[in-house]
Amino acid sequence: MAPATVAAAAGGKASSASGAERCFQDKDKPAGVRNSNIIAAKAVADAVRTSLGPRGMDKMIQSANGDVTITNDGATILNQMSVIHPTAKMLVDLSKAQDIEAGDGTTTVVVTAGALLDAAQTLLSKGIHPTKISDSFQRAATEAENILEKMSSPVDLSNDELLVKMATTSLNSKVVSQHSWLLAPMAVNAVKKIIDPAKDTNVNLNMIKIIKKLGETVEESELIEGALIDQKTMGRGGPTRVEKAKIGLIQFQLSAPKTDIENQVIISDYTQMDRALKEERQYLLNICKQIKSAGCNVLLIQKSILRDAVSEMALHFLAKLKIMVVKDIERDDIEFYSKILGCRPVASLDHFVAESLGSADLAEEISTGGDSKVIKVTGVQNPGQAVSILLRGSNKLVLEEADRSLHDALCVIRCLVKKKALLPGGGAPEMEVAVQLRQLAQERSGAEQYCWRAFADALELIPFTLAENAGLSPIHTVTELRTQHANGHSDFGINVRKGYVTDMREEAVLQPLLVSSSAIKQAAECVRSILKIDDIVMAVR
Ligand code: ADP
Ligand code: MG
């Protein structure tokens with residue numbers, strides 16, 4: 001609709017103005033562009049609105065090649081959605097940004113941005129300049145962060161019960177919510193294992209490796225005492241169970257060397273051929289013996305793209321020497337394995353010495369059903385800060401979603417390590433900010449006051465949507481919530497299970513401060529940048 005108006009406006013002026021003037025006098029064009037941008041972005045926000053909250057719906061996403069994903073996670077839905085409009089893509093990026101910053105609240109951030117865009121559209125139609133709206137929104141967002149900070153309460157990382165409650169809130173809204181009794185404590189324990197609560201201010205989630213295996217049910221998932229390696233042994237008659245394991249992690253290859261450039265060796269008689277083969281045998285045997293003499297009996301080999309990480313002949317020798325071989329360890333996982341197994345990655349044979357090996361009581365290959373196997377290492381002597389989690393699920397869709405949900409729960413705990421403060425959930429933070437901002441707006445003058453009010457009203461869309469998705473009357477619930485907050489009950493939120501407004505701290509619906517404050521901040525920032533766009537220019541390339 002918007003482009004048509006633009007064209008009509010431009011056409012109308014053509015009769016009265018010459019070409020060059022017309023371009024500059026076309027005041028309607030920026031408005032038209034802005035309007036169509038807002039419409040496109042709002043469409044994206046509307047698409048995920050119904051999946052907000054514990055009673056939100058899930059989406060089934062079908063990809064071009066027929067793969068199906070079932071999810072409730074805003075970032076996943078948007079990531080897989082085919083979005084063409086450039087502004088709509090900004091909302092996709094917005095949820096990605098929230099995913100990186102906080103990990104949870106990815107639906108909230110997009111719904112908030114949609115509501116703010118709606119507010120901006122109304123303000124624009126009142127004739128307020130986009131720059132004015134943008135600036136006011138920025139100030140309102142900063143104030144909102146202050147309000148959230150004031151209403152938050154500190155978290156003690158040694159209080160496991162509290163941490164579990166927060167992980168549970170995040171899992172509540174997922175497909176796998178009925179397993180939150182297992183997954184929430186698992187997330188808390190996993191994070192606690194890899195941090196030092198006293199001084200760490202961030203968590204490296206790469207040090208928590210979730211290994212997904214089809215089969216059994218989610219309830220069979222476990223946090224592994226020791227380490228899991230998502231590979232099978234190479235077999236070839238080699239051991240699949242090693243007691244008193246000495247684990248080596250190598251980054252060089254056990255195969256005949258190759259030159260960097262394309263080459264050919266021309267052999268003219270069989271004695272030369274014999275010599276070449278013997279040479280190769282000798283070369284490999286030497287390496288294998290050296291590995292054995294360092295005391296190693298479990299060997300992990302990094303994946304190689306240049307040449308075979310390990311050749312058949314080397315495998316044969318290693319099997320003879322009773323060394324368990326695991327190949328194709330991803331380069332990105334080297335740090336993780338070296339930490340969890342307490343060994344040092346070795347890049348050249350000369351440095352392969354006994355000190356670089358990790359020790360464990362037992363390394364064994366275990367079957368996880370069907371053809372899939374993992375290697376479990378128990379009794380690791382000096383493990384670093386890393387943990388493995390074995391996640392089970394009876395079908396692929398559940399397993400994938402369990403993985404994403406567990407990731408969200410881990411992120412929630414990471415947020416608490418980053419910023420040790422919590423807020424009540426269920427729409428309480430958004431409503432409190434709305435009520436307080438509306439009061440503060442009265443001290444502002446002119447258009448700014450309008451903008452602040454609009455900003456405050458827009459935030460109420462979160463409790464509104466939570467109520468709507470839970471099948472409650474949204475208007476009734478939101479007005480009641482507003483009254484409670486106006487009366488100073490800042491912890492009141494929507495209890496979607498019982499269907500009325502209550503104190504969320506008593507209900508143990510708690511979430512990290514960082515999730516809510518980052519959602520408001522990032523949404524406002526995204527809306528501001530959309531407002532500032534007044535034209536879309538096609539690039540030549
Ligand atoms: P997001 O992807 O943004 O995290 P969710 O679907 O996880 O979206 O929903 C999060 C919202 O649901 C938050 O506003 C949170 O406060 C609310 N919420 C979670 N659990 C409950 C609950 N038991 N009662 C009420 N609200 C809840
Ligand atoms: Mg969530």
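Everything numeric in this text was worked out from a predicted model, so none of it was measured. Atoms within each ligand, like the ligands themselves, are counted from 1 in listed order.
At a 3.5 angstrom cut-off on N or O pairs, T108 counts as close to ligand 1. At least one N or O atom of D104 sits closer than 3.5 Å to an N or O atom of ligand 1. Polar contact with ligand 1: absent for L52 (N/O pair, distance under 3.5 Å). At under 3.5 Å, a nitrogen or oxygen of G53, whether backbone or side chain, sits near a nitrogen or oxygen of ligand 1. Any N or O atom pair closer than 3.5 Å counts here, and R497 shares no such pair with ligand 1. Between S173 and ligand 1, an N or O atom pair is found at a separation short of 3.5 Å. Where the criterion is an N or O separation shorter than 3.5 Å, residue side chain and backbone included, I462 fails it with respect to ligand 1.
Residue-level proximity to ligand 1 for V515 is absent, since no heavy atom of it falls below 4.0 angstrom. When non-hydrogen atoms are compared, ligand 1 lies under 4.0 Å from the side chain of V509 (C-beta onward) but not from its backbone. Only side-chain heavy atoms of L466 come within less than 4.0 Å of ligand 1; its backbone N, CA, C and O stay farther off. Heavy atoms of S51 found under 4.0 angstrom from ligand 1 belong exclusively to the backbone.
Residues R497 and R55 have side chains in contact (heavy-atom distance under 4.5 Å, counting atoms from C-beta outward).
Residue contacts with ligand 1 leave out N495, since none of its heavy atoms falls under 4.0 Å from the ligand.
At least one N/O/S atom of D104, whether from backbone or side chain, sits less than 2.8 Å from the Mg ion (ligand 2).
Contact detail for V164 and A184: the closest heavy-atom pair is O-CB, 3.8 Å.
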